[in-house]
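Quick note on labels: first sequence line is chain A, next is B, and so on, each numbered from 1. Basis for what follows: all heavy atoms, side chains included, without hydrogens, waters or symmetry-related copies.
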Amino acid sequence: MNNSYLLLTTIIILLIAFLYLSWIFVSNEIENKNKDKKNRRDFLYTASYTLGAVGVGAVIWPLVHQMNPDASVKALSTTEVDVSAIEPGKSITVLWRGKPVFIRRRTQEEIIEAQNIKLSDLKDPQEDKDRVKKPEWLVMLGVCTHLGCVPLGNKGDYKGWFCPCHGSHYDTSGRIRKGPAPTNLEIPKYEFVDNNTIKIG
Amino acid sequence: MSEEKYIPKSKIAEWFDSRLPLLSMAHHLREYPTPKNLNYWWTFGGILTFCLITQIITGIVLAMHYVAHADLAFESIEHIMRDVNYGWLLRYIHANGASMFFLAVYIHIFRALFYGSYKAPREMIWIIGMIIYILMMATAFMGYVLPWGQMSFWGATVITNLFSAIPLVGEGIVTWLWGGFAVDNPTLTRFFSLHYLLPFLIFGLVILHIWALHIPGNNNPIGIDIKQRSKDTVPFSPYIVVKDLYALLIFLIIFAGIVFFVPNILGHTDNYIKANPMVTPSHIVPEWYLLPFYAILRAVPSKLGGVIAMFGSLFILIILPWLDTSKVRSAVFRPLYKIFFWILVGDVLLLGYLGAMVPEGWYLFFGRLATIYYFAHFLLIMPILGFKEKTLPLPTSISEPVLDGKN
Amino acid sequence: MKNSYKNFFLIIIFTIFCLHLNLQASEERTSLIKTDWSFKGVFGKFDRGELRRGYQVYTEVCSSCHSISELSYRNLSEKGGPEFSIEVTKNIAESFEVIDGPNEDGEMFPRPGRLSDKFVKPYPNIQASKAANGGAYPPDMSVLVKARKGGAAYIYSLLQGYSDAPEGYVLDDGVYYNKYMPGNQIKMPNVLSDDLVEYSDGTEATVEQMAKDVSSFLTWASEPSLEARHKMGFKVILYLIILTTLVYFSMNRLWSRIESKE
């Protein structure tokens, strides 16, 4: 991601330099026609401008990049959660990268409910088995995919989650069933460090 | 200045310029007739503009990460130095940029003193320049408080305490400045706000400064007015632009040398110790660019006297155009004044050195001597020289001495 | 034009000279022990061995009293530092106990350290630190090298500067004599002795060796960006010199039009 910013900035700077040089060249030609004088755009001047443009690009990069996540933020990009205390049918919410993550220990009922669906019924078709590593554990971002509110648990018409902001309903697998949200609740990268601990991110 | 009028090159340009004459102004700036005999001492105006823009940009970017609270400020700067992408670079550019800014402004001011650029009809440029200088010092002083190191805290304490010397209202003013009973968090947060604000005031004044300059036009090394535009001047672009660019690059090499290889050489080690109201550093010193004033302040035995002397030293600079009675502008043709000019330079450097020393013994003695001499230069020597000095014959025009190969 | 150059440079040199005096002036103190530092100079770099051994000295000798709270454990594996492997750094972090919380019951709880954690402090706050050390606060060492005149050389000298007070010198209670401490009286006792630490790379742990290693480590701790800074600086100045040369010749070419016109 760093490299593409750098490339983009360099291209923009060189483009501006090229346009400016062309403008100089063109207005020079016009001037020459008026003044009837020889005024060569020497290699020396061109080289100076181009090297100068590279310098300007190199200066702009740190000014842009300092706004990217700093080292301390990047170091906090994973979090480990102890899930041993969660009973079946209960959820906890943890903060990860500044956002809520729902961790739900599903009952057998909820699992069956999630698996018995027709894909064609879903706005964003996805099998339940593609959304979980262990069927008992549902780990997903508690951020509504419509405009970012936090959906409420154990609510809604599909026994899952309901977002009060604009009325999106999610099922026991966190899939969008009714309402304006376009996609299912996002599944973050996670893994089971051991049977009691999930590492998110 | 009446050069050829700007002729818009397109319909859009004409529409735009007739409503907001920015293109005409740009044309004026490009074609602006500049004396062709300007030497490198004249490149520092451009260098200063670069410094101002650099400080503003690095400052804004640092403010995205800095926390202005007494409990967090010091750590937030360490966060910038260690975690923020290129944070160390931005911090060192900003801190050393302030020093480079003052180096340039002192050269710029001494250029004016030598070549008589403050004299009629350029008094307004000089006065605006002095106001810019005062705002620069205020900005730098408040900026130095922000890291909340020992020198930040104690420098702020000493300098704000000065105002208590004012009779009757002094104590009240100091409490008002502090927002409390000592320098503390309220002081820090308001200094941060004002430190962010002042550079934009400086920017506005710089525009007025350049506008005021463009009325009479630039001074030049021989101090003679322009007689014939075609013979005595060159258009600002490209001749002066390229020359200013060259000088700026040399300046940048020095700047880069400091930032990348000795970034802490101009600072004080005590400012890497977190502020502690219970422990005073053994020697409280401001940054180098404020040292001459610090020396003058401590030269006078009374507190109020010291404050008056310090502000007085600035004030007499402001009224300099009226203290200098000479009809000749440039020191090139004033052999006696030239000598006194260099003595003044030496005197100011000496004051700077003494400002860093303990005000005792010989240091205090020479501090007092140098302070008296400073005032004598402006209040006695300058007025008297104007009448008494035998100046050298002036050339008739700018182009004349150039032909002879003199500069 | 030559004259202006001369004057310009004379003034710059004079000013720098004055600043130099400025910096050196106010301290009359014993001159510090001279040694070579790998990180000094334009091409200066840290010696990985020194940094790793220095880290060991810090952990085993200094960390019981001195915090270094601006360092994070992950810094130990980052470029420009001791550059331990990620696994080694993780193990180092996990060997320390960090207080986290509050948990669901509102209590603070201990857990093993992570890469993202800052170095654990020996005392929870300055007051506790003072109370445990005879009223003197062992300073945090995050920027200690930059906070002392003489920098690494000062730390290096101080650690080797303990001796008996000279004849007739009156030493206060609970205070030790040190040749390099300003005022000669220091509350910290002499902590280094030969073979105090068993270096994992087998280097002999003389007092001088440990003083050198820990001073280098503390220099890195104060300036983790030093190597990156030097590298970038070299490129920047080289670039500026090339560009200045090009602009110089452009300027002369341009101005030759003026000088020749008359």
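Residues forming a salt bridge (charged side-chain N to carboxylate O under 4.0 Å, His left out) with C:Asp140 (at least two apart in sequence, or on another chain): none.
A cation-pi arrangement, defined by a distance under 6.0 Å to the six-membered ring centre and an angle within 45 degrees of its axis, is absent between C:Arg148 and C:Tyr154.
Between A:Thr197 and A:Asp194, the side chains place a donor N or O and an acceptor N or O closer than 3.5 Å (distance only, hydrogens not considered). Side-chain contact check for A:Lys134 and A:Asn195: at least one donor-acceptor pair (N or O, by modelled atom type) lies under 3.5 Å.
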Residue pair C:Leu71, C:Trp220: steps toward the side-chain contact (heavy atoms from CB on, under 4.5 Å) verdict
CA-CA 10 Å; C:Leu71 271 188; C:Trp220 167 77; 3.9 Å; yes
Under the criterion side-chain contact (heavy atoms from CB on, under 4.5 Å), I'd like the reasoning laid out for C:Thr219 against C:Phe46: C-alpha separation, chi angles, the key distance, then a yes or no.
CA-CA 9 Å; C:Thr219 307; C:Phe46 288 114; 4.1 Å; yes
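Using a 4.5 Å cut-off between heavy atoms, C:Ser250 touches chain A through backbone and side chain atoms alike. Proximity to chain C is absent for every atom of A:Ala58, based on heavy atoms less than 4.5 angstrom apart. At a 4.5 Å heavy-atom cutoff, C:Leu240 makes no contact with chain A through either its backbone or its side chain. Heavy-atom distances place no part of C:Leu115 under 4.5 Å from chain A, backbone and side chain included.
Checked against a 6.0 Å centroid threshold, the rings of C:Trp37 and C:Tyr156 count as neighbours.
Between C:Arg48 and C:Glu83 a salt bridge is recorded (basic side-chain N to carboxylate O distance below 4.0 Å).
Proximity to chain C at a heavy-atom threshold of 4.5 Å picks out A:Ala75, A:Leu76 from residues 75-97 of chain A, in numerical order. Contacts between residues 156-192 of chain A and chain C, counted as heavy-atom pairs separated by less than 4.5 Å, involve no residue at all.
Under the ring pair (Phe, Tyr, Trp, His ring centres under 6.0 Å) criterion, the residue pairs touching residues 68-112 of chain C are C:Tyr55-C:Phe84, C:Tyr73-C:Phe96, C:Tyr73-C:Phe119, with sequence neighbours excluded.
The side-chain hydrogen bond (donor to acceptor under 3.5 Å, both in side chains) with A:Glu136 is formed by just one residue from the set A:Arg105, A:Gln108, A:Arg106, A:Arg104; it is A:Arg105.
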